[in-house]
Amino acid sequence: MIGWSISRILEANGYDVEKVNLVNDRGIHICKTMVAWQRWGQGTVPDVSGTKGDKLVGELYVKFETENNEQVNRLIEKGMTGDEALKNTSLIMEANEMLRKWEAGEPSTRQLWAKMNAWVYKGFELTYERMGVSFDKMYYESDTYKEGKKLVQEGLEKGVCYRKEDNSVWVGLTNEGLDEKLLLRGDGTSVYITQDLGTAQLRYDEYHPDRLLYVVGNEQNYHFEVLKLILKKLGRAWSDNIIHINYGMVELPHGRMKSREGTVVDADELMEEMHRAAEKMTTDLGKLEGFREQEAMELYEMVGIGALKYFILKVDPKKNMLFNPEESIDFNGNTGPFIQYTYARVQSLLRKAKQKDFDADLNKAPRKEASFKLLDKEKGILRLLHEFPGIVREAGEHYSPALMANYAYELAREYNQFYQEVPILREEDENRVYFRLGLSDFAGRIIKTSMSLLGISVPDKM
RNA sequence: GGCCCCGUAGUUCAACGGAUAGAAUGGAGGUUUCCUAAACCUUAGAUACAGGUUCGAUUCCUGUCGGGGCUACCA
């Protein structure tokens with residue numbers, strides 16, 4: 001959602017943005033789920049068990065980690081040190097074996113891998129679609145890791161990398177104040193950074209972009225620092241154009257989210273909950289008059305997802321954020337629905353104006369010579385409208401949806417105050433009525449545009 | 001141990017080195033025969049601590065305390 005919004009904002013600033021999704025579809029973590037499926041999941045497939053494919057595989061991952069932890073503990077009891085135990089459980093060895101087979105292209109391993117990945121992608125697709133997020137291109141690291149290995153080879157030839165006795169390959173970064181970093185395991189298989197090096201090279205080759213943006217959590221700050229350094233050492237000047245847009249950890253009231261432990265808030269469940277909360281709110285407030293069932297469903301979705309996105313985007317993403325699924329997402333105050341509501345109010349006002357025979361096309365409204373003093377509230381709105389282009393620019397410079405979100409909120413709040421205090425259609429002076437209608441229309445458009453830069457839709461009625 | 005990020009009302013967040021530190025939520029009180037009360041108005045409530053730089057510090061520097069992350073032949 002953050003990446004999507006940033007892409008919208010950059011487009012609004014005139015950039016060509018290619019949205020790519022880097023899918024890490026290979027590696028030890030994938031092998032762990034495959035081992036888990038073979039051991040405990042035989043026969044379960046997404047369609048039959050009724051769970052989405054990505055969720056099913058996620059559960060297998062958790063299963064692997066819990067079982068593996070038990071094995072680790074047993075080994076420690078038998079007198080092994082923690083480090084040894086981590087490497088010597090039968091599960092880990094099995095996963096490692098699986099990874100070797102995968103890299104060797106062993107057919108049955110590849111087959112299982114392809115099958116399980118297809119489940120995951122199907123699940124992801126549904127989730128992205130509901131979030132309103134799409135990509136121009138997908139990079140699969142199962143394709144790009146080979147490019148990474150080539151880069152490592154190049155590094156060895158250039159003397160940037162070195163091989164240790166156990167055949168593993170490393171790059172030394174101590175001169176830059178960092179440690180040495182493993183690039184290839186002793187058995188020749190690649191690790192996360194290896195495939196990321198390859199992906200970066202492929203991205204560059206394909207687009208030759210001015211900037212390569214990565215929207216990735218801040219726990220990977222070190223990873224990207226290393227990535228840039230290695231590319232630089234390999235003589236890739238464009239390494240300087242890699243920008244890691246990091247965002248903070250999401251913490252739950254009882255601790256951090258961890259996919260290994262299954263303590264994550266599932267995006268699908270969350271969206272569903274938001275939808276239901278929006279439905280309840282709408283019903284409780286008795287706002288359903290004149291809605292067909294289909295329209296009502298669309299409204300719940302728009303408001304629910306809007307609340308969720310706004311909640312995430314309104315804060316500076318660099319900070320860690322606390323997320324309490326029960327309480328965090330409100331529909332009142334500084335929220336998405338508040339802004340959506342303001343927009344709906346404006347639209348309602350414009351509909352009423354039309355009914356009262358004010359010209360719907362405000363550009364064609366009768367223009368008389370008129371001069372009148374503006375009220376403070378009117379000036380306030382004008383001032384904010386005037387700031388809009390600058391905010392878009394600033395949000396682009398800082399890659400900050402939060403600036404956009406806060407602006408939209410401020411404008412909505414200012415408008416609501418105006419709406420509450422100042423008569424519009426009840427005003428007697430027709431010139432003033434037209435001015436206020438025009439001001440409302442303009443404010444509505446800017447609110448809609450601002451929200452669209454966050455990837456949030458606004459309803460005509462709510 | 002080393003490196004990085006963070007610490008602002010009870011809570012969740014704002015504030016390119018600049019005016020009286022803004023909101024929201026929660027608390028207290030109020031507004032609807034009238035354009036949508038998912039709104040509006042009033043009210044109490046905060047810069048972790050100690051130094052330094054500056055005409056001026058929530059912001060920059062140093063230290064202390066507190067929270068988080070990274071430092072894996074995990075991703």
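On a predicted model such as this, the values are computed, not experimentally measured, just so you know. What's counted below: heavy atoms across the whole structure, side chains too, no hydrogens, waters or symmetry copies. Numbers restart at 1 for each chain; the letters A, B, ... are given by sequence-line order, proteins then strands.
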Next on the checklist: Nearest to the A:Tyr409 side chain among B:C35, B:A38, B:A24, which nucleotide is it?
Outcome noted: B:A24
Item to check | Side-chain N,O (A:Lys181) to OP1/OP2 (B:A72) below 4.0 Å | outcome: no
Next on the checklist: Please report the distance separating the C1' of B:U12 from the corresponding atom of B:A50, rounded so that it comes out in whole Å.
Outcome noted: 29 Å
Next on the checklist: Checking base pairs now: Watson-Crick or wobble, both atom distances under 3.5 Å. What partners B:U33?
Outcome noted: none
Checklist entry - Is the closest basic N to carboxylate O distance between A:Asp187 and A:Arg185 below 4.0 Å? => result no
Checklist entry - Does any nucleotide pair with B:U54 by Watson-Crick or G-U wobble geometry, both distances under 3.5 Å, and what is it? => result none
Checklist entry - Could you give the CG-to-P distance, from A:Asp284 to B:A39, as a whole number of Å? => result 14 Å
Next on the checklist: Roughly how many Å apart are B:A44 and B:G22, using the P atom of each and rounding to a whole number?
Outcome noted: 13 Å
Item to check | Donor + acceptor pair across side chains of A:Arg26, A:Ser190 (<3.5 Å) | outcome: yes
Next on the checklist: Can you identify which nucleotide, out of B:A75, B:U36, B:U25, has its nearest atom closest to the A:Asp330 side chain?
Outcome noted: B:U25
Checklist entry - To the nearest angstrom, how far is A:Tyr247 atom OH from B:G68 atom C1'? => result 16 Å
Checklist entry - Expressed in whole Å, how much space separates the P atoms belonging to B:G51 and B:A57? => result 14 Å
Item to check | B:G52 and B:A15, which share atom name P, separated by this distance in whole Å | outcome: 28 Å
Checklist outcome for this item: With the side chain defined as heavy atoms from C-beta on, A:Asn334 is closest, among B:A39, B:A75, B:A24, to B:A24
Checklist entry - Between A:Arg39 and A:Glu67, is the closest basic N to carboxylate O distance under 4.0 Å? => result no
Checklist entry - Within the pair A:Lys287 and B:A38, is there a side-chain N or O less than 4.0 Å away from OP1 or OP2? => result yes
Item to check | Among B:A75, B:A38, B:C70, the one nearest A:Tyr222 by side-chain distance | outcome: B:C70
Checklist entry - Taking CD from A:Glu414 and P from B:C40, how many angstroms apart are they, rounded to a whole number? => result 11 Å
Checklist entry - If you measure from the P atom in B:U53 to the same atom in B:C70, how many Å do you get, rounded? => result 38 Å
Item to check | Over 12 foreign heavy atoms within 6.0 Å of NZ, A:Lys314 | outcome: yes
Next on the checklist: Only pairs with both distances under 3.5 Å count, Watson-Crick or wobble alike; so what is the partner of B:A9 in this structure?
Outcome noted: none
Next on the checklist: For A:Glu180 and A:Tyr162, which I'm curious about, is there any donor-acceptor pair between the side chains at under 3.5 Å?
Outcome noted: yes
Checklist entry - If we ignore angles and hydrogens, is there a donor and acceptor under 3.5 Å between the side chains of A:Asn167 and A:Arg163? => result yes
Item to check | Distance, rounded to the nearest Å, where A:Phe331 contributes CZ and B:A38 contributes P | outcome: 13 Å
Next on the checklist: Looking only at the side chain of A:Asn416 (C-beta and beyond, no hydrogens), which of the listed nucleotides B:C40, B:A23, B:A14 gets closest?
Outcome noted: B:C40
Checklist entry - Taking NE2 from A:His223 and P from B:C4, how many angstroms apart are they, rounded to a whole number? => result 19 Å
Next on the checklist: Here's a test of your reading of the structure: between A:Met281 and A:Gln220, which maps to the more 5' nucleotide of RNA chain B?
Outcome noted: A:Met281
Next on the checklist: Give me the distance, rounded to whole Å, that separates B:U58 from B:A14 when you measure between the C1' atoms they each carry.
Outcome noted: 11 Å
Checklist entry - Any salt bridge between A:Glu147 and A:Lys150, counting N to O under 4.0 Å? => result yes
Checklist entry - With both distances under 3.5 angstrom, what nucleotide forms a Watson-Crick or G-U wobble pair with B:U42? => result B:A28
Checklist entry - So, A:Gln220 versus A:Tyr192: side-chain donor-acceptor pair below 3.5 Å or not? => result yes
Checklist entry - Between B:A75, B:C35, B:A38, which nucleotide has the shortest distance from any of its atoms to the side chain of A:Asn332? => result B:A38
Item to check | Selected nucleotide, minimal atom distance to A:Arg426 side chain, candidates B:A14, B:A38, B:C35 | outcome: B:C35
Checklist entry - Given the C1' atoms of B:C13 and B:A72, what is the spacing between them in whole Å? => result 35 Å
Next on the checklist: Quick check on B:A37: is either OP1 or OP2 less than 4.0 Å from any side-chain nitrogen or oxygen of A:Arg345?
Outcome noted: yes
Item to check | Partner nucleotide of B:C70 by Watson-Crick or wobble geometry (both distances under 3.5 Å) | outcome: B:G2
Next on the checklist: Counting only Watson-Crick pairs (N1-N3 plus N6-O4 or O6-N4) and G-U wobbles (N1-O2, O6-N3), all under 3.5 Å, who is the partner of B:G63?
Outcome noted: B:C49
Checklist entry - For the pair made of CZ in A:Phe338 and P in B:U25, what is the distance, rounded to whole Å? => result 9 Å
Next on the checklist: Counting only side-chain heavy atoms from C-beta out, which of B:A75, B:C40, B:U36 sits nearest to A:Tyr341?
Outcome noted: B:U36
Checklist outcome for this item: Quick note, A:Tyr419 side chain, CB onward, closest among B:A37, B:A39, B:A14 is B:A37
Checklist entry - Between B:A75, B:A14, B:C40, which nucleotide has the shortest distance from any of its atoms to the side chain of A:Asn406? => result B:A14
Item to check | Distance between C1' atoms of B:G17 and B:G56 (Å, rounded) | outcome: 8 Å
